[in-house]
Amino acid sequence: MAKINWEDPQVRWNYRHTASHIMAQAVQNLWPGTKLAIGPAIENGFYYDFDTEHKFTEEDFLKIQKEMKKIIQANHKLERSEMPREEAIKFFEERNEPYKVELIKDLPEDETISLYAHGDFIDLCAGPHMESTGQIKAVKVMSVAGAYWRGDSNRPMLQRLYATAFPSQEELDEYINRLEEAKKRDHRKLGKELGLFTFRDEAPGFPFYLPKGMVLKNKLIDYWREIHKKWGYVEISTPQIMKRTLWETSGHWEHYKDNMYTTLIDDEDFAIKPMNCPGSILVYELEPRSYRELPLRYGELGLVHRHELSGALHGMFRVRCFTQDDAHILLAKEQIKDEVVRIASLLDEVYTMFELPYSIELSTMPEDHIGTREDWQRAEDALAEAITSIGKEYKVNPGDGAFYGPKLDFRVLDSLGREWQCGTIQLDYQLPGRFNLEYTGSDGQKHTPVMIHRVVFGSIERFLGVLTEHCAGKFPLWLAPVQVKLLTVTEKNAEYALRVKEELEEAGLRVELDDRNEKIGFKLREARNLRDSYICIIGEKEAENNTLTVRSSKLKDEIGEMSVSEFKTRLLEEIDKKINDSIFA
RNA sequence: GCUAGUGUGGCUCAAUGGUAGAGCAGCGGUAUCGUAAACCGCAGGUUGGGGGUUCGAUUCCCUUCACUAGCUCCA
């Protein structure tokens, strides 16, 4: 038996796919009559969807693992076979596997129907697989959750068992360990521990920013303003609540009503804005526009409210009210390509600065769309070209665009490897038309502009959540709520410490002084747990030499003793350059 | 919203069908101390809310709220 090459993604995929077949068999052995749905390999593991009366609990996991071990030890060969379509349907009907029958019926007529068998287990499967079940070494059932058959919320909900498999117990243990470590940087946990943001039962899905979180938010916004000025945007702010009639014109009332909070003012229907676009449009509409003004870039830090389903809420990643770092750009069709390149460059500049790895997805024309195929094609090409021009790659999501235009999504990972959409660039051919927007071209004729909706952070909330996990609470100095924490060794040093604090604060640094009557080890531990950027020890020696003994939460070792003025200069440089690591590294 | 699970003082956790216990944090003292938790004492909870079963519920049941994982949907 050839040694497996675990580094090869295809091998990992086959390995876990085979493990998923083994799990399916184990479950059917333990709970006969269980119907099988699908069981693919996924990032870091695999799952299988089951339909059974039995409700899986965590106690079942060990039982299933034991049963899987038996199948592994039997070292069955995996054997591929093919079946004509009708025969395959009959075969699975006889075995009482309605989900498999449905899958086969949905396969194209000319598709080869293949099955994989090991021992007395057989499953509809395109493969490929490992050679034998004995090659699977370490398996672990991780969790159980509901999942709709074929991802359709109108269809029955099945039970999905998530599991993983590794070539050795050590690698499995290491993976479990990594998960534990990742959980420690969960932004919900850190948000509370570091005093950044939190939630209360009284307001599900509506975040509270605590004083330190407010520093983060404000600094992020300062940066946003700076960079948008540089890229030619103007900033506006539009009302929180506007008349229902406006939302009817924009189409939101029809398409988005269930997510909108509404209110009554003087017996008239109003809605709290779930999106900022209509506000921008009303600003554009204020006066006749000329081609000379285009592209007109309206930036808006818009606070929006959306009624998200309760089960969808997820810390700062998914909330019911959030600030979008929005912009609506009105421009002529001919300008689309250049403008999209510009936006993609802006996005890349920001993500690169934060060292956030991201992936890009291009969502194309859905079946239900408005506008001509030619317009769509041109728009999709413009988006694709923009990405290529900044040297990035993208994945296509066919038919996944909004009904009014195609879009590019910028996706970032959280600490557990879940993807969250942050930035997005959406082309919109519809809204300007609905509002009869126009501009006068160089030809003296009236034209309808195109609108681009785009966000860079996505939302301040989601971005801060992602950032918190990305840097495990050790924020870049320019964002850090506490840039310097001063710790006195004894009460005798308090006076000097206070002078240092004032000097650093005068330079604009965010400084906290801990002169409590506690041991230095105690105060240091606390400061480190709070991820305060630079922690300075102040004792006799320092007071005498007019120095500080410096450590950084980003570096393991002590940085050493230095003069207050040098420390100050270095920190100001680190802030100015917006670097992510310590300047002393 | 759906499926499953969880809910005990600010935090982390314990306990039991007989009306809750610890550590940390807090407060009051003592120690003035050099790099990840000094010591002593005090105070703090109608066990998420409501209802039911029971002589008795935090424990069992129902319901509701919130959270967690996933599905669906999305910034």
Side-chain angles (χ1 to χ4, degrees), chain A residues 42 47 49 55-58 60 142-162 183 186 188-189 192-193 198-205 256 258-259 274-276 302 304 306-326 402 407 409-412 416 418-424 426 453-466 487-494 516-529 535-542 549-551 553 556-559 561:
Chain A
I42 52 172
Y47 68 78
D49 286 348
K55 302 271 178 235
F56 294 120
T57 66
E58 288 189 21
D60 295 331
M142 305 292 290
S143 62
V144 57
Y148 298 111
W149 168 234
R150 310 206 105 176
D152 184 341
S153 55
N154 298 313
R155 315 250 351 222
M157 182 164 270
L158 309 170
Q159 295 186 76
R160 175 172 297 177
L161 285 174
Y162 283 91
K183 277 184 195 153
D186 188 312
R188 292 167 295 194
K189 182 174 148 69
K192 214 190 239 187
E193 280 175 14
T198 193
F199 293 86
R200 299 270 323 215
D201 281 7
E202 289 84 345
Y256 212 71
D258 293 344
N259 285 40
M275 295 182 189
N276 303 300
V304 296
R306 299 181 184 175
H307 181 73
E308 300 293 345
L309 293 176
S310 58
L313 302 178
H314 189 116
M316 295 294 262
F317 289 159
R318 193 72 180 276
V319 288
R320 284 180 172 151
C321 95
F322 53 100
T323 301
Q324 290 183 301
D325 64 317
D326 218 344
K407 58 177 185 159
D409 290 332
F410 291 65
R411 304 167 75 89
V412 182
L416 286 170
R418 292 173 291 212
E419 272 197 341
W420 295 92
Q421 181 189 319
C422 287
T424 174
Q426 306 186 355
H453 313 244
R454 52 105 280 191
V455 287
V456 181
F457 301 140
S459 74
I460 302 282
E461 286 70 18
R462 181 173 288 182
F463 195 78
L464 279 181
V466 165
L487 308 180
T488 51
V489 176
T490 75
E491 285 176 336
K492 291 181 205 130
N493 319 119
R516 285 175 305 169
N517 190 13
E518 294 287 351
K519 294 183 85 166
I520 192 72
F522 176 84
K523 294 199 277 193
L524 179 70
R525 178 185 143 84
E526 202 173 270
R528 291 197 69 125
N529 285 340
I535 302 166
C536 302
I537 312 289
I538 292 179
E540 285 297 303
K541 190 175 59 168
E542 288 80 5
T549 299
V550 181
R551 326 185 48 131
S553 63
K556 248 190 152 167
D557 300 320
E558 182 181 305
I559 292 164
E561 192 177 343

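Every chain is numbered from 1, with letters handed out A, B, ... down the list of sequences.
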Problem set entry | d(NZ, Lys192(A); C1', rU68(B)) in whole Å | 13 Å
For this session: Taking all heavy atoms of Phe199(A) and all of Gly205(A), pick out the closest pair and write down the distance.
Result: CE2-C, 4.0 Å
Exercise. So does Arg418(A) get a side-chain nitrogen or oxygen closer than 4.0 Å to the phosphate oxygens (OP1/OP2) of rG70(B)?
Worked result: yes
For this session: Report which part of the nucleic acid Asn529(A) touches: base, sugar-phosphate, or nothing (heavy-atom distance under 4.0 Å, all strands).
Result: base
Problem set entry | Worked verdict on Phe410(A) versus Cys422(A) for side-chain contact (heavy atoms from CB on, under 4.5 Å) | CA-CA 6 Å; Phe410(A) 291 65; Cys422(A) 287; 5.6 Å; no
Problem set entry | Sugar-phosphate, base or nothing in reach of Val304(A), heavy atoms under 4.0 Å | nothing
For this session: Pick the P atom in rG9(B) and in rU58(B), then give their distance to the nearest Å.
Result: 14 Å
Exercise. Between rC73(B) atom C1' and Arg306(A) atom CZ, what is the distance in whole Å?
Worked result: 11 Å
Problem set entry | Expected output: side-chain Lys407(A) to main-chain Ala402(A) donor-acceptor under 3.5 Å | no
Exercise. Which residue pairs pass the salt bridge (charged side-chain N to carboxylate O under 4.0 Å, His left out) test when at least one of the two sits in residues 142-152 of chain A, sequence neighbours left out?
Worked result: Glu102(A)-Arg150(A), Asp106(A)-Arg150(A)
Exercise. Could you give the CH2-to-C1' distance, from Trp420(A) to rC74(B), as a whole number of Å?
Worked result: 9 Å
Problem set entry | Gln421(A) side chain near rA75(B) phosphate (N/O to OP1/OP2, under 4.0 Å) | yes
For this session: Grab the two heavy atoms, one from Gln159(A) and one from Val144(A), that are nearest each other, plus how far apart they are.
Result: OE1-CG2, 4.2 Å
For this session: Please determine if a side-chain N or O atom of His314(A) lies less than 4.0 Å away from the OP1 or OP2 oxygen of rA69(B).
Result: yes
Exercise. Rounded to the nearest 0.5 Å, what separation is found between the NZ atom of Lys523(A) and the CG atom of Leu487(A)?
Worked result: 6.0 Å
Exercise. Taking NZ from Lys189(A) and C1' from rC67(B), how many angstroms apart are they, rounded to a whole number?
Worked result: 16 Å
Seminar exercise, completed: Applying the 3.5 Å cut-off to both distances, the Watson-Crick or G-U partner of rA75(B) turns out to be none
Problem set entry | Complementary nucleotide for rU68(B) - Watson-Crick or wobble, under 3.5 Å | rA4(B)
Exercise. Is any side-chain N or O of Arg528(A) closer than 4.0 Å to OP1 or OP2 of rA37(B)?
Worked result: no
Exercise. Would a distance-only check, ignoring hydrogens and angles, find a side-chain to backbone donor-acceptor pair under 3.5 Å from Arg411(A) to Gly423(A)?
Worked result: no
Problem set entry | side-chain contact (heavy atoms from CB on, under 4.5 Å) between Glu558(A) and Ile537(A), intermediate numbers included | CA-CA 10 Å; Glu558(A) 182 181 305; Ile537(A) 312 289; over 6 Å; no
For this session: Take atom C1' in rG26(B) and the same atom in rC11(B), then report the distance between them in whole Å.
Result: 12 Å
N/O-N/O pairs, protein side and nucleotides 61-63 of chain B side, under 3.5 Å:
none

Exercise. Does a side-chain N or O from Arg150(A) land closer than 4.0 Å to OP1 or OP2 of rU72(B), or not?
Worked result: no
Problem set entry | Whole angstrom value for the distance that separates C1' of rU72(B) from CZ of Arg155(A) | 14 Å
Seminar exercise, completed: Partner of rA14(B) under the Watson-Crick or G-U wobble criteria, both distances under 3.5 Å, comes out as none
For this session: Write down the atom of Asp325(A), the atom of Arg454(A), and the distance for their closest heavy-atom approach.
Result: O-NH2, 3.1 Å
Exercise. Please give, in whole Å, the distance from rU72(B) C1' to Asn259(A) CG?
Worked result: 12 Å
Problem set entry | Base-pairing mate for rG9(B) - Watson-Crick or G-U, with both contacts under 3.5 Å | none
For this session: Go through rA66(B), rG1(B), rA69(B) for me and flag the one nearest to the Leu309(A) side chain.
Result: rG1(B)
Polar atom pairs between nucleotides 26-35 of chain B and protein, under 3.5 Å, N or O only, would you list them?
{"residue": "rA31(B)", "atom": "N6", "partner": "Asn517(A)", "partner atom": "O", "Å": "3.4"}
{"residue": "rA31(B)", "atom": "N6", "partner": "Asn517(A)", "partner atom": "OD1", "Å": "3.4"}
{"residue": "rA31(B)", "atom": "N6", "partner": "Asn517(A)", "partner atom": "ND2", "Å": "2.4"}
{"residue": "rU32(B)", "atom": "O2'", "partner": "Lys492(A)", "partner atom": "NZ", "Å": "3.4"}
{"residue": "rU32(B)", "atom": "O2", "partner": "Glu491(A)", "partner atom": "N", "Å": "3.3"}
{"residue": "rU32(B)", "atom": "N3", "partner": "Glu491(A)", "partner atom": "OE1", "Å": "3.0"}
{"residue": "rU32(B)", "atom": "N3", "partner": "Asn517(A)", "partner atom": "OD1", "Å": "3.1"}
{"residue": "rU32(B)", "atom": "O4", "partner": "Glu491(A)", "partner atom": "OE1", "Å": "2.9"}
{"residue": "rU32(B)", "atom": "O4", "partner": "Glu491(A)", "partner atom": "OE2", "Å": "3.3"}
{"residue": "rU32(B)", "atom": "O4", "partner": "Asn517(A)", "partner atom": "OD1", "Å": "3.3"}
{"residue": "rU32(B)", "atom": "O4", "partner": "Asn517(A)", "partner atom": "ND2", "Å": "2.4"}
{"residue": "rC33(B)", "atom": "N4", "partner": "Asn517(A)", "partner atom": "OD1", "Å": "2.4"}
{"residue": "rG34(B)", "atom": "O6", "partner": "Glu540(A)", "partner atom": "N", "Å": "2.9"}
{"residue": "rG34(B)", "atom": "O6", "partner": "Lys541(A)", "partner atom": "N", "Å": "2.9"}
{"residue": "rG34(B)", "atom": "N1", "partner": "Glu542(A)", "partner atom": "OE1", "Å": "2.8"}
{"residue": "rG34(B)", "atom": "N1", "partner": "Glu542(A)", "partner atom": "OE2", "Å": "3.2"}
{"residue": "rG34(B)", "atom": "N2", "partner": "Glu542(A)", "partner atom": "OE2", "Å": "2.6"}
{"residue": "rU35(B)", "atom": "O2'", "partner": "Arg551(A)", "partner atom": "NH1", "Å": "3.3"}
{"residue": "rU35(B)", "atom": "O2", "partner": "Arg551(A)", "partner atom": "NH1", "Å": "2.6"}
{"residue": "rU35(B)", "atom": "N3", "partner": "Glu558(A)", "partner atom": "OE1", "Å": "3.3"}

Exercise. When you compare rA15(B) with rG21(B), how far apart are their C1' atoms, in angstrom units rounded to a whole number?
Worked result: 7 Å
Look for any protein N or O under 3.5 Å of an N or O in nucleotides 2-8 of chain B and output each such pair with its distance, or none.
{"residue": "rC2(B)", "atom": "O4'", "partner": "Tyr148(A)", "partner atom": "OH", "Å": "3.4"}
{"residue": "rU3(B)", "atom": "O2", "partner": "Gly146(A)", "partner atom": "N", "Å": "3.3"}

Problem set entry | Spacing of the P atoms in rU64(B) and rG5(B) (rounded, Å) | 16 Å
For this session: Assess whether one donor atom and one acceptor atom, taken from the side chain of Arg462(A) and the base of rC74(B), lie less than 3.5 Å apart.
Result: yes
Seminar exercise, completed: side-chain contact (heavy atoms from CB on, under 4.5 Å) filter on Gln324(A), not counting sequence neighbours, yields Asn276(A), Val304(A), Arg306(A), Phe322(A), Asp326(A), Val455(A)
For this session: Please measure how far the C1' atom in rG56(B) lies from the corresponding atom in rU16(B), and state the result in whole Å.
Result: 13 Å
Exercise. Whom does rC27(B) pair with, Watson-Crick or G-U wobble, provided both distances fall under 3.5 Å?
Worked result: rG41(B)
Pairs under 3.5 angstrom only: tabulate donor-acceptor contacts from the side chains of residues 307-319 of chain A to other protein residues two or more places apart or in another chain.
{"residue": "His307(A)", "atom": "ND1", "partner": "Tyr261(A)", "partner atom": "OH", "Å": "3.3"}
{"residue": "Glu308(A)", "atom": "OE1", "partner": "Arg318(A)", "partner atom": "NH2", "Å": "2.8"}

Exercise. Can Glu542(A) and Thr549(A) be said to form a side chain to side chain donor-acceptor pair (under 3.5 Å), step by step?
Worked result: CA-CA 7 Å; Glu542(A) 288 80 5; Thr549(A) 299; 2.4 Å; yes
Problem set entry | Protein-nucleotide distance (Gln324(A), atom CD; rC74(B), atom P), rounded to Å | 14 Å
For this session: Kindly check if the number of other-residue, nucleotide or ligand heavy atoms within 6.0 Å of CD (Glu58(A)) is above 12?
Result: no
Problem set entry | Minimum heavy-atom distance between Ile538(A) and Asn493(A), given as atom pair plus value | O-OD1, 3.5 Å
Problem set entry | Identity of whatever pairs with rU59(B) - Watson-Crick or G-U, under 3.5 angstrom | none
Problem set entry | Rounded distance (Å) that lies between atom P of rC71(B) and atom CG of Leu313(A) | 15 Å
